[in-house]
Amino acid sequence: MNEEKITPQLMTVGKASEYFGLTKSFLRTGISTGQIAAIKVGRVWYIKVPDLQTQIDSGVTFHT
C-alpha cells in the first residue's frame, strides 16, 4: 500500500506554529493584517494550510 503523508487543510495557530516553525505571535499578526488566510470558528482561529504553504514556497515576504 502506498502511504502518503496527509497534510491537514486547517490548523490552529499553535499547531501551525509547530509545523511551520513560525512563532505564534508572527502567525497572529499575519492573520490580523490579512496576510495569512484563516477562518475563525467560535474563539479559535484556523490557518488555511495550503495557502500558507504556497506563500512560504513562493518566498512571499510577510510585513509585520
Side-chain angles (χ1 to χ4, degrees):
M1 186 165 111
N2 184 10
E3 293 188 29
E4 295 180 28
K5 184 178 177 184
I6 298 173
T7 304
Q9 296 295 304
L10 299 172
M11 282 187 190
T12 62
V13 171
K15 289 295 181 186
S17 173
E18 294 173 15
Y19 186 82
F20 291 106
L22 301 168
T23 65
K24 291 178 189 176
S25 63
F26 176 84
L27 293 170
R28 286 187 190 111
T29 301
I31 292 169
S32 67
T33 59
Q35 296 178 72
I36 296 176
I39 60 171
K40 189 173 185 182
V41 179
R43 296 177 56 194
V44 180
W45 281 99
Y46 291 90
I47 294 174
K48 295 181 179 180
V49 175
D51 295 346
L52 181 56
Q53 186 65 58
T54 301
Q55 288 176 299
I56 291 170
D57 291 346
S58 66
V60 170
T61 303
F62 296 99
H63 302 283
T64 57

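Quantities reported herein were computed from a predicted structural model and do not represent experimental measurements. Because only heavy atoms are used, hydrogens play no part in the values below, and waters and symmetry mates are left out as well, while side chains stay in.
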Next item on the list: Please name all residues satisfying side chain to side chain contact (heavy atoms under 4.5 Å, CB included) with Thr12, sequence neighbours left out, ordered by chain then number.
Entry: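 Here the qualifying residues are Lys15, Val44, Tyr46.
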Check: Going by the side chain to side chain donor-acceptor pair (under 3.5 Å) test, which pairs reach into residues 50-60, not counting sequence neighbours?
Finding: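 Those involving residues 50-60 are Gln53-Asp57.
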Name each donor-acceptor pair under 3.5 Å that joins a side chain in residues 16-24 to protein atoms two or more places apart or in another chain, with its distance.
unit_1 : atom_1 : unit_2 : atom_2 : d
Ser17  : OG     : Leu22  : O      : 2.5
Thr23  : OG1    : Ser25  : OG     : 3.4
Thr23  : OG1    : Phe26  : N      : 3.1

Checklist line | From Arg28 atom CZ to Ile47 atom CD1, the distance as rounded to the nearest 0.5 Å | finding: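 Arg28 atom CZ to Ile47 atom CD1 measures 9.5 Å (nearest 0.5 Å).
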Notebook entry, point to check: For Leu27 and Val13, which heavy atoms make the closest approach, and how far apart are they?
Noted result: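 Between these two residues, the closest heavy atoms are CD1-O, 3.7 Å.
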Notebook entry, point to check: Under a 4.5 Å side-chain heavy-atom rule over Ile, Leu, Val, Met, Phe, Trp and Tyr, are Ile36 and Ile39 clustered together?
Noted result: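 No.
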